[in-house]
Amino acid sequence: MASVTIDGAAIRDEATFFAASRAALELPEYVTSIDSWIDALSYLRDTEGMTKFRLKPNEVLEIVIEHADAMRAAVPELLEEVAFCVGGINERYEDYGEKPALKLVLR
C-alpha cells in the first residue's frame with residue numbers, strides 16, 4: 001500500500017495544510033484550496049500526473065496525519081473537512097466503478 005505522512009503538529013491553518021500536502025504528495029503549486037486538493041486526489045489511477053503516486057486498480061493510498069490531536073486543536077474544522085473530503089473522493093472513484101483509493105489514518 002502506498003503511504004504518505006503529514007505532520008499534523010505543523011498544521012496551523014489552511015495554507016500550512018496545503019503546503020504540507022503539496023510537499024508530501026508532490027502536488028502542483030496551484031493546489032491551495034480544498035477544491036483543488038480534491039481534484040488532484042481524484043486522478044490517482046490516471047495518467048494525469050497530479051501527484052507522485054499512480055495507483056494500480058485495487059491499490060489504496062494511505063494518508064497518515066501524525067499528531068492529529070495537535071491539528072484537531074489548531075484547526076478542528078479543517079481536519080473534519082479533510083476527512084469528509086476523503087470520503088467524497090472515494091465515492092467519486094466508486095461512481096466510476098473503481099475501488100476507493102484513499103485511506104485516512106489519524107495518529
Side-chain angles (χ1 to χ4, degrees):
M1 174 183 322
S3 182
V4 65
T5 301
I6 295 173
D7 181 5
I11 307 303
R12 295 287 165 230
D13 53 25
E14 286 188 8
T16 54
F17 173 74
F18 294 117
S21 290
R22 285 192 309 270
L25 294 157
E26 295 182 15
L27 297 172
E29 285 300 312
Y30 64 79
V31 176
T32 59
S33 69
I34 201 69
D35 289 334
S36 56
W37 190 80
I38 290 168
D39 288 343
L41 294 178
S42 295
Y43 294 97
L44 292 168
R45 294 193 179 115
D46 297 338
T47 59
E48 300 294 320
M50 299 286 280
T51 76
K52 70 179 179 180
F53 296 98
R54 177 134 187 253
L55 301 181
K56 295 179 177 135
N58 293 319
E59 191 175 12
V60 173
L61 172 61
E62 182 179 77
I63 300 174
V64 179
I65 299 181
E66 293 284 347
H67 311 291
D69 55 334
M71 183 176 171
R72 185 176 291 112
V75 284
E77 316 81 30
L78 179 58
L79 184 59
E80 188 175 306
E81 185 173 24
V82 167
F84 177 78
C85 290
V86 165
I89 292 166
N90 282 334
E91 285 179 16
R92 184 181 281 185
Y93 279 102
E94 290 174 339
D95 287 346
Y96 287 105
E98 298 180 36
K99 302 232 180 209
L102 297 173
K103 177 181 178 186
L104 181 64
V105 178
L106 305 177
R107 290 192 182 141

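Note that the structure is a prediction, hence the values are computed from the model and not measured. Quick note: residue numbers are just sequence positions, from 1.
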Acceptor/donor pairs from residues 94-107 side chains to any protein atom, 3.5 angstrom cut, sequence neighbours excluded:
from: E98; atom 1: OE1; to: R45; atom 2: NH1; distance (Å): 3.3
from: R107; atom 1: NH1; to: E66; atom 2: OE2; distance (Å): 3.4

Output a table of donor-acceptor pairs, distance under 3.5 Å, between side-chain atoms of residues 16-28 and any protein atom two or more places apart or on a different chain; print 'none' if there are none.
from: T16; atom 1: OG1; to: R12; atom 2: N; distance (Å): 2.8
from: T16; atom 1: OG1; to: D13; atom 2: N; distance (Å): 3.1
from: T16; atom 1: OG1; to: D13; atom 2: O; distance (Å): 2.9
from: T16; atom 1: OG1; to: D13; atom 2: OD1; distance (Å): 3.0
from: S21; atom 1: OG; to: F17; atom 2: O; distance (Å): 3.1
from: S21; atom 1: OG; to: W37; atom 2: NE1; distance (Å): 3.3
from: R22; atom 1: NH1; to: V31; atom 2: O; distance (Å): 2.8

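Between D69 and H67, some side-chain heavy-atom pair lies under the 4.5 Å cut-off.
Taking all atoms of both residues into account, the shortest heavy-atom contact from S3 to F53 is O-CZ, 3.9 Å. Contact detail for A70 and A9: the closest heavy-atom pair is CB-CA, 3.8 Å.
Taken to the nearest 0.5 Å, the CG atom of D39 stands 8.0 Å off from the OG atom of S33. For the atom pair CG (L78) and CE (M71), the distance works out to 4.0 Å, reported to the nearest 0.5 Å. If you take SG on C85 and CD on E91, they are separated by 11.0 Å, rounding to the nearest 0.5 Å. Here I11 contributes atom CD1 and I6 contributes atom CD1; the two are 6.5 Å apart, rounded to the nearest 0.5 Å.
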Exercise. Before giving the answer on side chain to side chain contact (heavy atoms under 4.5 Å, CB included), spell out for V64 and E62 the whole-Å C-alpha distance, their side-chain angles and the decisive distance to 0.1 Å.
Key: CA-CA 6 Å; V64 179; E62 182 179 77; 3.6 Å; yes

Exercise. Starting from the C-alpha separation in whole Å, work towards a yes-or-no answer on side chain to side chain contact (heavy atoms under 4.5 Å, CB included) for V60 and L55.
Key: CA-CA 7 Å; V60 173; L55 301 181; 5.8 Å; no

Quiz item: Are E59 and L61 close enough, and set up right, to give a side chain to side chain contact (heavy atoms under 4.5 Å, CB included), and what steps lead you there?
Solution: CA-CA 7 Å; E59 191 175 12; L61 172 61; over 6 Å; no

Exercise. For side chain to side chain contact (heavy atoms under 4.5 Å, CB included), just list the numbers for L44 and I89, CA-CA rounded to whole Å, side-chain angles, deciding distance to a tenth of an Å, and then say yes or no.
Key: CA-CA 11 Å; L44 292 168; I89 292 166; over 6 Å; no

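Shown here are the side chain to side chain contact (heavy atoms under 4.5 Å, CB included) partners of Y43, two or more places apart in sequence or in another chain: D46, E48, M50.
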